[in-house]
Amino acid sequence: MNDDDSADGLRCLVTGATGYIGGRLVPELLAAGHRVRCLARSPGKLRDHPWAGETEVVRGDVTDAEAVAAAMRDVDVAYYLVHALGSGADFEETDRRAARVFGEQAKAAGVRRIVYLGGLAPAGVPEDQLSPHLRSRAEVGRILLASGVPTAALRAAVIIGSGSVSFEMLRYLTERLPVMITPSWVRTRIQPIAVRDVLRLLVAGARLPDDVNRSFDIGGPDILTYRDMMMRYAHVAGLPRRLIVPVPVLTPGLSSLWVGLVTPVPASIARPLTESLRHEVVCREHDIARYVPDPPGHPLGFDEAVRLALRRVREAAVSTRWSSASVPGAPSEPLPTDPDWAGGSLYVDRRETLVDAPVPALWRVIEGVGGDNGWYSFPLAWSLRGLLDRLVGGVGLRRGRRDAERLRVGDSLDFWRVEDIEPGRLLRLRAEMRLPGLAWLEMYAEPDGEGRSRYRQRALFHPHGLLGHAYWWGVSPFHAVVFGGMARNIARAAARQAPGATR
């Protein structure tokens, strides 16, 4: 980033660019004329974003002072959009340490402003009675505000937008359950906000006056109970009226399991959300409007926010999803590249078949796997595996796909995540289901001469302990049906899609 690159644009550092908000904020900052640097633990996850070529991406973690210092160099505004929720029992300490590192390095680098997106805390509730999630969000805000760098800490409750975890939870609960026995928190009052307004305020936060160092409550114009939100969602979506019966016996733990079974949101993520809904979260001020006046029609009302989100979902135009970020507890180790890997046992199931179709036709099928297209073999087995995964707190199969046809590195794909993609040649998926080990699935499309292609498939498993070895040998008898059937059916589907094929 050089001073002469732009006369007006600010130099912005964005953390959390692989997540839901960060991935949407980057193009908004670019559109506003700013220059953007992203700090990411896994830069490869940003490789396929349409804006990747317009940004600078540096590798690093927010708890690494050296990496943060390098990322802060020559930066005007630093966006803090990360949190350690789900990283372990000590996530609050991780959040605390990361915020201190970020604030200290921003101060040392001469950063002019920090902009932070946190959670809206309930009024009059002692901090020790808040959910761990909200308590940590509040503490991070205090640390940044005390850093010596002017900070705008925006505090939002439920964010409504296509792909947001709050919207997906609301959507699936309402669409799948015409009659609901619900926890008592459905009576809690909430002030939701449209993701478009969150992004508008985040961008505007970069140009707040230098003497502004405070938190701001941000919300939409409607104050609703969660029950109201489900009823209004049903109306906007054209669904019959829902029957909702609140009961007091569903604890946050049981609520999260209920949400985890009904929606694509796993219990590990649903729990902090449901715990945060125990208390009323309503804005106590709208002071941000003194610095960033509301444009006509904003902030958007709840119904309009839902309408816009549903349009994006139906048009398959969801740019980021809640699952863009890593799932708590999911493995993150990349596939070892050394064929004689010394890291322990590595079980491999290999399949290969000749395909009566050119490589482009085969690749279309490979890139289209999962979601509504399924996995091309024994649907009942995949469904049962997904159900078992959800019963033990995993993500299951319900995350689906961000886009029906195209994948990019970092996309979630049912209970897999795209670890690598070489368009037209390789798709590598890393398992995020609950397993006694690490697992990957690779699919290759290769030319075989005379206009045909060859499909190669590898399923790899690195077991953890005796249970991992027992798991592999326990499921290996089914591999011929599941993985063998998958290879055969992908080849047949490609042949049917080949130019000139008889359908």
Side-chain angles (χ1 to χ4, degrees), residues 21 80-81 83 85 91-92 95-96 99 114-146 150-160 164-167 169-170 182-195 197-198 200-202 204-205 208 212-232 246 248 250-252 255-256 270-292 294 298-302 305:
I21 293 293
Y80 193 85
L81 304 174
H83 60 83
L85 180 65
F91 83 90
E92 289 182 84
D95 268 342
R96 187 179 302 121
I114 293 172
V115 182
Y116 165 61
L117 179 62
L120 183 60
V125 178
E127 196 164 290
D128 60 358
Q129 294 181 23
L130 295 178
S131 70
H133 167 58
L134 278 183
R135 186 169 62 236
S136 182
R137 297 289 77 209
E139 183 181 19
V140 167
R142 286 199 309 274
I143 291 171
L144 296 176
L145 287 164
T151 296
L154 307 184
R155 308 193 307 177
V158 170
I159 296 176
I160 301 297
S164 78
V165 65
S166 297
F167 177 73
M169 192 169 101
L170 174 68
T182 60
S184 58
W185 51 253
V186 299
R187 298 192 184 100
T188 303
R189 296 202 314 159
I190 306 162
Q191 192 164 353
I193 183 170
V195 69
D197 286 310
V198 173
R200 173 177 61 86
L201 294 171
L202 285 171
L208 289 173
V212 174
N213 183 61
R214 56 162 294 182
S215 62
F216 294 96
D217 292 355
I218 61 172
D222 300 308
I223 298 174
L224 308 163
T225 65
Y226 205 88
R227 180 185 184 280
D228 294 334
M229 290 167 60
M230 288 191 285
M231 289 297 196
R232 287 174 67 161
L250 286 177
T251 66
S255 296
S256 64
R271 177 153 191 162
L273 293 178
T274 56
E275 285 179 337
S276 299
L277 292 172
R278 288 180 301 165
H279 302 293
E280 179 175 289
V281 277
V282 174
C283 295
R284 284 163 282 178
E285 42 85 5
H286 187 50
D287 294 349
I288 189 70
R290 289 163 43 193
Y291 304 96
V292 187
D294 295 325
H298 288 267
L300 294 175
F302 175 81

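Start at 1 with the first residue, then count along the sequence. Predicted model, so just to flag it, every value in this text is computed and none were measured.
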Asker: Looking only at atom types and distance, does a side-chain atom of T151 sit under 3.5 Å from a main-chain N or O of L144, one as donor and one as acceptor?
Answerer: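 Such a contact is found between T151 side chain and L144 backbone.
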Asker: Measuring from atom CZ of R155 to atom CD1 of I193, what distance do you get when rounded to the nearest 0.5 angstrom?
Answerer: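 Reported to 0.5 Å precision, the distance equals 13.0 Å.
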Asker: Counting C-beta onward and ignoring hydrogens, is there a side-chain heavy-atom pair between I160 and F302 closer than 4.5 Å?
Answerer: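 Yes, at least one pair of side-chain atoms sits under 4.5 Å.
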Asker: Run the side chain to side chain donor-acceptor pair (under 3.5 Å) test against E280 and tell me which residues pass, sequence neighbours left out.
Answerer: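 R189.
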Asker: If every non-hydrogen atom of A157 is compared with every non-hydrogen atom of V281, which pair is closest and at what distance?
Answerer: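 Taking every non-hydrogen atom into account, CB-CG2, 4.0 Å.
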Asker: To the closest 0.5 Å, what do you measure between CG (D222) and CZ (R232)?
Answerer: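 Answer rounded to 0.5 Å: 4.5 Å.
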Asker: Would you mind telling me which of I143, L154, V140 makes a side-chain contact (heavy atoms from CB on, under 4.5 Å) with Y116?
Answerer: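 Result for side-chain contact (heavy atoms from CB on, under 4.5 Å) with Y116: V140.
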Asker: What distance separates Q191 CD from L120 CG, expressed to the nearest 0.5 Å?
Answerer: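 Interatomic distance, Q191 CD to L120 CG, rounded to 0.5 Å: 7.5 Å.
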Asker: I'd like to know if E285 and R290 make a salt bridge, using a cut-off of under 4.0 Å between side-chain N and carboxylate O.
Answerer: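 Judged by the 4.0 Å cut-off on N to carboxylate O distance, E285 and R290 do not form a salt bridge.
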Asker: Can you tell if the side chain of L224 reaches within under 4.5 Å of the side chain of I190, non-hydrogen atoms only?
Answerer: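 SC-SC contact between L224 and I190 ruled out.
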Asker: Name all residues meeting the salt bridge (Lys or Arg N to Asp or Glu O under 4.0 Å) criterion together with R227; count only those two or more places apart in sequence or in a different chain, and write none if there are none.
Answerer: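 Salt bridge (Lys or Arg N to Asp or Glu O under 4.0 Å) list for R227, sorted by chain: empty.
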Asker: What closest approach, in Å, do G124 and P126 show between heavy atoms, and which atom pair accounts for it?
Answerer: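 For G124 and P126, the tightest heavy-atom pair comes out as O-CD, 3.7 Å.
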Asker: Can you see which heavy atom on A305 is nearest to which on A194, and at what distance?
Answerer: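 Minimum heavy-atom contact is CB-CB, 3.7 Å.
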Asker: Once you round to the nearest 0.5 Å, how far does CD1 of I288 lie from CD1 of I218?
Answerer: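 CD1 of I218 is found 8.0 Å from CD1 of I288.
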Asker: With a 4.0 Å cut-off on N to O distance, would you call R137 and E92 a salt bridge?
Answerer: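 Salt bridge between R137 and E92, a charged N being under 4.0 Å from a carboxylate O: no.
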Asker: Looking at A152 and F216, what are the two nearest heavy atoms and their distance?
Answerer: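 Closest heavy-atom pair between A152 and F216: CB-CE1, 4.4 Å.
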Asker: Between S164 and V195, is any pair of side-chain heavy atoms under 4.5 Å apart?
Answerer: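 The answer is no, as the side chains (C-beta and beyond) never meet within the 4.5 Å cut-off.
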Asker: Are the side chains of I223 and C283 in contact, using a 4.5 Å heavy-atom criterion?
Answerer: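 No - every pair of side-chain heavy atoms lies 4.5 Å or more apart.
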Asker: Hey, what do you get for CD (E127) to CG (L134), rounding to the nearest 0.5 Å?
Answerer: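 So the CD of E127 and the CG of L134 are separated by 9.5 Å.
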Asker: Side-chain contact test, heavy atoms from C-beta onward, threshold under 4.5 Å: evaluate it for T225 versus T188 and give yes or no.
Answerer: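 They are not in contact (no side-chain heavy atoms under 4.5 Å apart), so the answer is no.
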Asker: Does the pair D95/R135 count as a salt bridge with the N-to-O cut at 4.0 Å?
Answerer: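 Not counted as a salt bridge, because no side-chain N and carboxylate O are separated by less than 4.0 Å.
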Asker: Under 3.5 Å, is there a donor on one side chain and an acceptor on the other for H298 and D197?
Answerer: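 There is such a pair between these side chains.
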Asker: Can you find a heavy atom in the side chain of Y226 that is under 4.5 Å from one in the side chain of M231?
Answerer: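 Counting from C-beta outward, Y226 and M231 never come under 4.5 Å.
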